[in-house]
Amino acid sequence: MNLEENNRTGIVLILSGPSGSGKSTLYKKAFEQVSGFEFSVSCTTRTPRPGEIHGKDYYFVSKERFHELIQENAFAEYAEVHGNCYGTLKSELYRRIDRGIDVLLDIDVQGAAQIRAECVQDLKLRKACEFVFLSPPSYQELERRLRSRGTEEESVILRRLENARTEMAQWRLYDYLILNDSLEKAVQDFIAMIRTFRASSRRLLKGPVHES
């Protein structure tokens, strides 16, 4: 037999980096060349926007239900943002892991830290998770990128830059680092990582030959 995707458990690829590091651009370009990744559906307490569908865009729940899920230890990570709660359900990750489906989580360093802590006690998550940090080449370049967008007020830019200093200092907590100096090179580095993750022996169900 060979090392087909259905011969392994799924990957949970956690991608973090400060705003302006290029995470969305990176994975969108990478997924033009590699397939098989899904995005988990998060829970949120905010109200649905026009066109959003429960179970597809988000699981829309009440604040009471969200806090019940916290008490049930149902989340791999969660946070409150601008008065609304968001969380990644463990069940969303487990069902993909068990079926050999890879999932990408584009989350901040706080969310990644929560999942890293969960991995200490959760063997399934520990085997599945790969932590990748995407960094700009410098703080000055990050500021240039944020300002070049031309879509945000100065106060928002300054807040993002302040947060970026804290986030960029945490790169050593991740298993892998990608420097986004050249987008083309960063994309190829990311693709090479994905291929390595998919060949990891810790997730393979069988080897390359029939086992007696």
Side-chain angles (χ1 to χ4, degrees), residues 11-31 37 39-40 42-44 70 73 75-90 92-93 97 102-149 152 155-183 185-194 196-197 200 202:
I11 300 163
V12 177
L13 201 167
I14 293 100
L15 179 65
S16 299
S19 177
S21 60
K23 298 187 298 297
S24 296
T25 302
L26 177 80
Y27 69 69
K28 286 176 181 177
K29 286 190 171 294
F31 291 170
F37 272 88
F39 293 87
S40 66
S42 299
C43 275
T44 184
I70 293 175
N73 196 28
F75 292 117
E77 60 86 26
Y78 65 90
E80 184 172 341
V81 182
H82 305 307
N84 293 310
C85 299
Y86 297 83
T88 302
L89 289 166
K90 293 180 185 178
E92 281 285 296
L93 305 180
I97 292 170
D102 301 327
V103 58
L104 176 76
L105 298 181
D106 176 357
I107 56 177
D108 61 19
V109 294
Q110 290 83 7
Q114 290 183 49
I115 295 178
R116 196 178 293 113
E118 284 289 337
C119 287
V120 174
Q121 302 296 331
D122 192 318
L123 176 60
K124 183 174 290 190
L125 277 182
R126 187 160 72 244
K127 287 180 65 177
C129 287
E130 302 284 1
F131 293 85
V132 179
F133 191 87
L134 181 66
S135 175
S138 67
Y139 183 79
Q140 292 72 24
E141 173 61 16
L142 181 68
E143 181 174 4
R144 187 196 67 77
R145 292 178 185 177
L146 287 174
R147 293 189 182 282
S148 67
R149 292 174 175 177
E152 297 169 331
S155 60
V156 175
I157 293 174
L158 292 176
R159 185 172 67 250
R160 292 187 185 279
L161 288 171
E162 183 179 355
N163 291 340
R165 286 192 184 276
T166 302
E167 293 171 337
M168 289 172 68
Q170 299 189 46
W171 65 270
R172 287 189 183 275
L173 298 176
Y174 288 73
D175 300 317
Y176 306 92
L177 173 70
I178 296 178
L179 184 66
N180 191 7
D181 190 2
S182 162
L183 178 59
K185 183 180 185 303
V187 169
Q188 293 307 311
D189 288 345
F190 190 52
I191 291 172
M193 284 184 181
I194 290 171
T196 300
F197 299 157
S200 173
R202 70 178 179 175

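Quick note: residue numbers are just sequence positions, from 1. If you're wondering where the values come from, they're calculated on a predicted model, not measured in any experiment.
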Only counting residues at least two apart or in another chain, list the ones meeting salt bridge (Lys or Arg N to Asp or Glu O under 4.0 Å) with [X].
{"X": "Arg116", "value": "none"}
{"X": "Asp189", "value": "Lys185"}
{"X": "Arg147", "value": "Glu143, Glu154"}
{"X": "Lys23", "value": "none"}

Taking only residues two or more places apart in sequence, or in another chain, which ones meet [X] in a side-chain hydrogen bond (donor to acceptor under 3.5 Å, both in side chains)?
{"X": "Glu118", "result": "Lys90"}
{"X": "Tyr27", "result": "none"}
{"X": "Arg202", "result": "Glu130"}
{"X": "Ser42", "result": "none"}

Under the side chain to side chain contact (heavy atoms under 4.5 Å, CB included) test, which residues partner [X], sequence neighbours left out?
{"X": "Gln188", "value": "Gln33, Ile191"}
{"X": "Arg126", "value": "Cys119, Leu123"}
{"X": "Ser19", "value": "Leu146, Arg149, Arg160"}

What are the two closest non-hydrogen atoms of [X] and [Y], and how far apart are they?
{"X": "Met168", "Y": "Pro18", "result": "CG-CG, 3.7 Å"}
{"X": "Ser40", "Y": "Leu93", "result": "CB-CD2, 4.3 Å"}
{"X": "Arg145", "Y": "Gly20", "result": "CD-O, 3.4 Å"}
{"X": "Phe37", "Y": "Leu104", "result": "CD2-N, 3.8 Å"}
{"X": "Leu125", "Y": "Asp122", "result": "N-OD1, 3.0 Å"}
{"X": "Cys43", "Y": "Leu89", "result": "SG-CD1, 3.6 Å"}

Which of these, Leu15, Leu134, Val187, sits in a side-chain contact (heavy atoms from CB on, under 4.5 Å) with Ile178?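 Considering Leu15, Leu134, Val187, a side-chain contact (heavy atoms from CB on, under 4.5 Å) with Ile178 is found only for Leu134.
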
Under the side-chain contact (heavy atoms from CB on, under 4.5 Å) test against Phe131, which residue among Ile115, Leu173, Val12, Leu13 passes? Ile115

Tell me if the NZ atom of Lys124 is crowded by more than 12 foreign heavy atoms within 6.0 Å.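 Result for NZ/Lys124: enclosed.
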
Out of curiosity, Gln110 CD to Asn163 CG, how far, rounded to the nearest 0.5 Å? 7.5 Å

Could you state the interatomic distance from CG (Asp175) to CE (Met193), rounded to the nearest 0.5 Å?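 With rounding to 0.5 Å, CG (Asp175) is 9.5 Å from CE (Met193).
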
Treating Asn180 as the side-chain partner and Ala186 as the backbone partner, does any N or O pair qualify as donor plus acceptor under 3.5 Å? no

Would you find a donor on one side and an acceptor on the other, under 3.5 Å apart, between the side chain of Ser16 and the backbone of Phe133? no

For the residue pair [X] and [Y], establish whether any side-chain heavy-atom pair is separated by less than 4.5 Å.
{"X": "Val132", "Y": "Tyr174", "answer": "no"}
{"X": "Ile194", "Y": "Phe31", "answer": "yes"}
{"X": "Phe39", "Y": "Asp106", "answer": "no"}

Just to verify, what does Tyr176 make a ring-ring contact (aromatic ring centres under 6.0 Å, His included) with, not counting sequence neighbours? Phe197

Closer than 4.0 angstrom, basic N to acidic O: yes or no for Arg159 and Glu162? no

